[in-house]
Amino acid sequence: MSNLYVHSLHVHPVKALAGTAPDEALVEPWGLAGDRRWAVVDVEGSVITQRQQARLALASARPLDGGRVALSAPGMPELVVEVPQPGPLEPVVLFGKKVETVVAAPAAADWFSAYLGLPARLVHMDDPAVRRPVDPTYALPGETVSLADAYPLLTTTLASLDALNTLISEGEHPEEGPLPMNRFRPNLVVAGAEAWVEDEWRRIAIGDAVFRGVRECGRCVVTTTDQRTAQRGREPLKTLGRHRRIGKSLAFGRQLVPVTLGTVRVGDEVRILE
């Protein structure tokens, strides 16, 4: 297992938008530093993702110092958004559960409303240490998560993507492959592993950081969205449905929760502890 290493790191400051691929990232209890601390919500306070608005794939958020973000999208001027000052908490709904956030400046609401063509606002998770617990079915007491779908980090492997693309090439819609890794929006991409071995990772270490592997990542329609064009297809869900059903999930990738914090870097060895 000594040939496993971090191939790339990915941080998405605003949920559902394109992010960045830094050379290193600090591991915080709720995920990589700066990952998914912001989200777009509709007029009713429900979080908007690529599930509802595929065009969010074409927008991007670049992290700046102090937690600020620079927003960009086709046909839109770049907008720098400051971290909101402490103020009244705004409950938003994410997967049916309320999460308390702070609303960003009106300029951010104007920007997203203009881009999406519907009323929208930008919100910020001010204190991820207390705002949102991880699913208690899989969490230890006190574990929290940012505005990511469910868990602090998602890891995938190059070998599993290669295996999936081979299956797609042999399936009903070979013209849709091969798919790039950005369809799956991971935080950690590992090279050197065998295909699907991440399903078995219960504890891994990267540098000083240690992570619990808690469960498979069930995939949704976002994976069928071309992140360059926002067009939807049928893959990989068709192929995952045939070959990668784990319980009720169409599985690709492994959900992680940090146990020990530290800094992870591209090229770091990935050690399988359990």
Worksheet entry | NZ or CZ of Arg203 within 45° of Phe211 ring axis and under 6.0 Å | no
Could you tell me whether a side-chain N or O of [X] sits under 3.5 Å from a main-chain N or O of [Y], the two making a donor and an acceptor?
X: Gln50; Y: Ala16; value: yes
X: Trp111; Y: Pro77; value: yes
X: Asn165; Y: Asp162; value: no
X: Thr225; Y: Gln227; value: no
X: Arg271; Y: Gly207; value: yes
X: Asp226; Y: Gln231; value: no
X: Arg55; Y: Tyr115; value: yes

Item to complete: Scan residues 21-52 for pairs that pass ring-ring contact (aromatic ring centres under 6.0 Å, His included), counting only residues two or more places apart or in two chains.
Response: Trp38-His124
Item to complete: Find the distance between CG (Leu164) and OG (Ser169) and round it off to the nearest 0.5 Å.
Response: 10.0 Å
Fill in: Partners passing side chain to side chain donor-acceptor pair (under 3.5 Å) against Ser146 (at least two apart in sequence or in another chain)
none
Worksheet, complete the sentence: Contacts satisfying salt bridge (charged side-chain N to carboxylate O under 4.0 Å, His left out) that involve residues 139-161 (not counting sequence neighbours) are Lys15-Asp149, Arg51-Asp149, Glu143-Arg212
Fill in: Pair listing, salt bridge (charged side-chain N to carboxylate O under 4.0 Å, His left out) test, anchored in residues 173-195, at least two apart
Glu175-Arg234, Glu176-Arg234
Fill in: Sequence neighbours excluded - side-chain hydrogen bond (donor to acceptor under 3.5 Å, both in side chains) pairs with any residue from residues 57-66
Ser60-Ser72, Arg62-Glu78, Asp65-Arg68
Worksheet item: Counting only heavy atoms not in Arg228, do more than 12 sit closer than 6.0 Å to its CZ atom?
Response: no
Quick one: side chains of residues 84-110, donor-acceptor pairs under 3.5 Å with protein atoms, not counting sequence neighbours, listed by atom name and distance.
residue	atom	partner	partner atom	Å
Glu90	OE2	Arg121	NH1	3.2
Glu90	OE2	Arg121	NH2	3.3
Thr101	OG1	Glu90	O	2.9

Discussion item. With side chain to side chain donor-acceptor pair (under 3.5 Å) as the criterion, how do Thr224 and Glu235 come out once you've worked through the C-alpha distance, each side chain's angles and the decisive distance to 0.1 Å?
Written reply: CA-CA 5 Å; Thr224 70; Glu235 294 292 3; over 6 Å; no
